[in-house]
Amino acid sequence: MYNILLIGKELPDSIDFCEALKASDNKVYVSSKLEADAVKFESEDIFTSTWNKASAVSAHSFLIKAETKLEKINHVVFYYDAAYLCSKFELDKTEELSQAVDQLINSYLYTTGELLKRIDQKKEDICVSFVVRNYPSKYEIAVSGNRTPGVLPASSIVSIGEAAFTTLAQNFSTYVADREYLSVILAKCPYNNELYKNDKQLAAWLLESFDTISQAKHKQTVKQASTWNKVGTKLSTGFALFK
């Protein structure tokens, strides 16, 4: 059974992803837009609370709440769903930039920092995953010449957030690779991926990756920890993690 903390896509928008993650008696803790949402999903082993994404203190409190409810967290999933975020930040409006930076960049910086402190204190086996559902930027569409009908380029702030998330994931995976108790999965789901439009299938693939990790016999190398995997493909058989 996995006790999973999901960060980056809130309830109720993440309900499909959460429902798939809680298969096989897993438990999921995720942030929500409203505190009242906690009552709606708790009976399904999906637990939630709100937090202020502009505050490191609030990020710390959110992690403590998740630990208390789940008792032990053995998987953390940071999810950057660019397509979903495009619907929230469709245009680069000046009045929305501060909120966007907090949600798309600061929130991940605060939670990864606070999480690593907790992990190093406990020194218990845990896997941290960074999952990116890519969405084409204005530059990518212009350079590639691929103008798919109905596909509008991501706003600059969403593309910048995706680049920041990718860099954070790579730096995190490289920095923590020497910790015996910590493993990392980096995964990208490009726009042309067959699982792109299905959060449940994407989450199911992630659970299969968790199984691969839990069955491994050796500690992963820095190269394995910092290699991006394509969603839908099997993790490398050389992916060696928990002892």
*Treat each ILVMFWY residue as a node, draw an edge where side-chain heavy atoms are under 4.5 Å apart, and state whether Leu109 and Leu186 are in one component.*
yes
*Residues that Trp51 engages under ring-ring contact (aromatic ring centres under 6.0 Å, His included), provided they are two or more places apart*: Phe62
*Do Leu97 and Tyr108 belong together in a cluster built from hydrophobic side chains that touch within less than 4.5 Å?*
yes
*asked:* Side chains of Asp102 and Tyr110 only: does a donor on one sit below 3.5 Å from an acceptor on the other?
replied: no
*Check whether Leu5 and Ile64 end up in the same hydrophobic cluster, where Ile, Leu, Val, Met, Phe, Trp and Tyr are linked by side-chain heavy atoms less than 4.5 Å apart.*
no
*Check the pair Lys9 / Asp81 against salt bridge (Lys or Arg N to Asp or Glu O under 4.0 Å), numbers first and verdict last.*
CA-CA 7 Å; Lys9 190 171 182 179; Asp81 187 345; 2.7 Å; yes
*Please lay out, stage by stage, how Arg118 and Val76 fare under the test side chain to side chain contact (heavy atoms under 4.5 Å, CB included).*
CA-CA 12 Å; Arg118 302 295 296 170; Val76 179; over 6 Å; no
*Does Asn193 use its side chain to pair, donor to acceptor, with the backbone of Val231 at less than 3.5 Å?*
yes
*Main-chain N/O of Ser156 paired with Ser159 side-chain donor or acceptor, under 3.5 Å*: no
*What are the two closest non-hydrogen atoms of Ser155 and Phe89, and how far apart are they?*
OG-O, 2.7 Å
*asked:* Give me the atom names and distance for the closest heavy-atom approach of Ala203 to Ala20.
replied: CB-CB, 3.5 Å
*Dump the intermediate steps for side chain to side chain contact (heavy atoms under 4.5 Å, CB included) on Val132 and Trp228, then the final yes or no.*
CA-CA 10 Å; Val132 184; Trp228 285 99; 3.9 Å; yes
_Whether the side chain of Asp16 engages the backbone of Asp199 through a donor-acceptor N/O pair (distance < 3.5 Å, no angle test) should be reported._
no
_Any Asp120 side-chain heavy atom under 4.5 Å of Tyr181 side chain_ = yes
*Can you name the residues that form a side-chain hydrogen bond (donor to acceptor under 3.5 Å, both in side chains) with Asn171, not counting sequence neighbours?*
none
*Please work out which of the three classes, parallel, tilted or perpendicular, describes the rings of Phe17 and Tyr79, given edges at 30° and 60°.*
parallel
*asked:* Is it the case that the side chain of Lys122 and the backbone of Ile119 share a donor-acceptor pair, with hydrogens and angles ignored and the cut-off at 3.5 Å?
replied: no
*asked:* On a heavy-atom basis, which atom in Trp205 and which in Lys230 lie closest, and how many Å separate them?
replied: CZ2-O, 3.8 Å
*Using the six-membered ring wherever Trp is involved, compare the ring planes of His75 and Phe210 and label them parallel, tilted or perpendicular (cut-offs 30° and 60°).*
parallel
*Candidate list Asp13, Thr50, Thr48, test side-chain hydrogen bond (donor to acceptor under 3.5 Å, both in side chains), partner Lys33, passing option*: Asp13
*Can you tell me if Asn74 uses its side chain to pair, donor with acceptor, with the backbone of Tyr2 under 3.5 Å?*
no
*Has Glu124 got more than 12 heavy atoms of other residues, nucleotides or ligands less than 6.0 Å from its CD?*
yes
*If you count the non-hydrogen atoms of other residues, nucleotides and ligands that lie under 6.0 Å from OH in Tyr196, is the total more than 12?*
yes
*Is the shortest heavy-atom distance from the side chain of Lys117 to the side chain of Leu63 under 4.5 Å?*
no
*Look at the side chain of Asn229 and the backbone N and O of Leu235, then say whether any donor-acceptor pair between them is shorter than 3.5 Å.*
no
*Pair Lys53 + Glu10: basic N to acidic O under 4.0 Å*: yes
Side chains of residues 162-169: which donor-acceptor partners sit under 3.5 Å, not counting sequence neighbours?
unit_1 : atom_1 : unit_2 : atom_2 : d
Glu162 : OE2    : Asn134 : ND2    : 2.6
Thr166 : OG1    : Glu162 : O      : 2.9
Thr167 : OG1    : Ala163 : O      : 3.0

